[in-house]
Amino acid sequence: MKVLVTGGAGYIGSHTCIELLDHGHEVIVIDNLSNSHPRSLERVQSITQKELFFYEKDLLDKEALNQIFQTHAIDAVIHFAGYKAVGESVEQPLMYYQNNIQSTLILCETMQRYGVHHLVFSSSATVYGMDTKSPIPENAPLSATNPYGRTKLFIEEILRDWALTLPESSITLLRYFNPVGAHSSGLIGEDPQGIPNNLMPYVTQVASGRREILSVFGNDYDTLDGTGVRDYIHVVDLALGHVKALEHSFKSTGCDAYNLGTGNGTSVLELVKAFEQATGQNVPYQITDRRPGDVATCFANPNKAKLELSWEATRDIVEMCKDSWNWQSKHPMGYQTS
Ligand code: NAD
Ligand code: UFG
């Protein structure tokens, strides 16, 4: 199958390109490199020993997108491209609505023009809002608390409306929980710019000495040890979920949402302990105030993906920590380290 991967040079996209190539698919990437480095795709090709097509273009560039659809007889699209920083989205909402929503509209219009009806979209557990009880099923109420989350929520609605107009379409909304880890080669991984927002990259940067100390945001939540509980999922499991979703989309029609999570909750302190045990590294931490907007607990009910997509996560928290550290220790400055 010829698969267009938007945002394919990014963290989750690059891992998914590997699994697509390994499953015999042809991969065409469009990425403007606004949050990624071209080395990720060079390494995807050296890991798989297979070639992919890469277009350094913006999804908002209608003509460029048109050209790509004209050149390649695309069968399906996996749509990762977008901005993803919650704090930045609060400061620059219009930029988020423009980049995430407008680019999706342009993508859908182009797909429709070329008769491409299979789309897998990167949604997020953030669409479940603040008060949802875990484990969270897909039919839990949806809401969002910031512009980033609203872009995911609005795009889900847009895609549901679009699917209604095209009986032959198959649109899969994948709601990721907390992606961590890296490819076992240590050649590709997460490469946040500036100070990391997320827990795992912060932990690995403290372990490597790039940052001094981890701040644990609150230890007075109603959880086993008072710290926040999340459903961390290995990025390779997540990537494999996309391959399964893609295959399933050729046996189904309509628009459907799936959680991609493990179904297990891990607290911040449990993750720190697992990381120290798995890697032998020390992670100094201090307890600080809660981070505004955080929930105590958020983990998936992953049964629907297991039943309908024949997918489930198999990599545990120890493997997630080991692989995150393997990438970070080999590439302390991310893709800047050759
Ligand atoms: P990422 O930033 O590493 O990858 C996104 C890629 O899209 C980047 O390579 C960036 O350069 C590219 N891009 C952005 N805007 C573009 C545009 N207009 N045209 C072309 N390329 C563009 O992020 P990621 O962690 O790989 O996330 C991928 C998707 O998954 C995003 O949509 C994100 O919102 C979603 N998601 C991520 C997480 C997470 O924690 N990483 C959780 C839930 C959902
Ligand atoms: N945390 C710390 N210290 C840090 C960073 C995080 O204690 O330096 C804690 C948080 O308080 C939370 C847990 O670690 O309890 C996980 O935090 P992350 O920032 O790694 O992940 P979140 O679950 O808060 O957010 C992620 C994505 C969001 C997405 C959300 C829901 O970053 O984009 O999942 O899917 F909206």
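Ligands are counted one by one from 1 in listed order, and the atoms in each one are counted from 1 as well. Residue numbers count from 1 along this sequence.
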Test of proximity, Leu199 against ligand 2: N or O pairs below 3.5 Å: yes
Atom 11 (O) of ligand 2: nearest protein contact (heavy atom, Å): Asp294 OD2, 2.6 Å
Donor + acceptor pair across side chains of Thr227, Asn219 (<3.5 Å): no
Contacting atoms of ligand 2, where contact means under 4.0 angstrom from a heavy atom of Ala125: 35 (O)
Test of proximity, Arg230 against ligand 2: N or O pairs below 3.5 Å: yes
Atoms in ligand 2 with a heavy atom of Asn197 nearer than 4.0 Å: 5 (C), 19 (O)
Nearest-contact summary for atom 26 (C) of ligand 2 - protein heavy atom, Å: Asn178 ND2, 3.8 Å
Identity and distance of the protein heavy atom lying nearest atom 13 (C) of ligand 2: Tyr232 OH, 3.6 Å
Atoms in ligand 2 with a heavy atom of Tyr148 nearer than 4.0 Å: 33 (O), 36 (F)
Residue Glu168 excluded, over 12 heavy atoms near CD under 6.0 Å: yes
Heavy-atom gap Tyr128 to ligand 2 smaller than 4.0 Å: no
Salt bridge flag under 4.0 Å for residues Asp256 and Lys304: yes
Atom 18 (P) of ligand 2: nearest protein contact (heavy atom, Å): Asn198 ND2, 3.4 Å
Heavy-atom side-chain contact between Leu269 and Tyr285 under 4.5 Å: yes
Candidate pair Tyr176 and His242, rule ring-ring contact (aromatic ring centres under 6.0 Å, His included), full reasoning: CA-CA 11 Å; Tyr176 314 153; His242 289 74; 5.3 Å; yes
Any side-chain donor near an acceptor of the partner, Tyr335 and Ser40, under 3.5 Å: no
Atom 7 (O) of ligand 2 - nearest protein heavy atom and its distance: Phe217 N, 2.9 Å
Nearest protein heavy atom with distance in Å, relative to atom 17 (O) of ligand 2: Arg291 NH2, 3.4 Å
Identity and separation of the nearest protein heavy atom to atom 36 (F) of ligand 2: Thr126 CB, 3.0 Å
Atom 3 (N) of ligand 2: the protein heavy-atom neighbour that sits closest, reported with distance to 0.1 Å: Ser215 O, 2.7 Å
Ring center gap for His72 and Tyr55 short of 6.0 angstrom: yes
Sub-4.0 Å heavy-atom approach of Ser124 to ligand 2: yes
Under 4.0 Å to a heavy atom of Val216 - the qualifying atoms of ligand 2, by number: 7 (O)
Lys57/Asp31 salt bridge by N-O under 4.0 Å criterion: no
Test log, rule ring-ring contact (aromatic ring centres under 6.0 Å, His included), inputs His117 and Phe250: CA-CA 10 Å; His117 299 128; Phe250 282 83; over 10 Å; no
Side-chain heavy-atom pair Tyr221, Val268 within 4.5 angstrom cut-off: no
Glu88 vs Tyr83, side-chain hydrogen bond (donor to acceptor under 3.5 Å, both in side chains): CA-CA, chis, key distance, verdict: CA-CA 9 Å; Glu88 186 182 59; Tyr83 295 151; over 6 Å; no
Pairing of Arg160 and Glu157 as salt bridge, 4.0 angstrom limit: yes
Pair His15 + Phe80: ring centers closer than 6.0 Å: no
Over-ring placement of Arg113 relative to Phe69, 6.0 Å and 45° cut-offs: no
For ligand 1, the residues whose heavy atoms come within less than 4.0 Å (ordered by chain, then number): Gly7, Ala9, Gly10, Tyr11, Ile12, Asp31, Asn32, Leu33, Ser34, Asn35, Ser36, Lys57, Asp58, Leu59, Phe80, Ala81, Gly82, Lys84, Asn99, Ser122, Ser123, Ser124, Tyr148, Lys152, Tyr176, Pro179
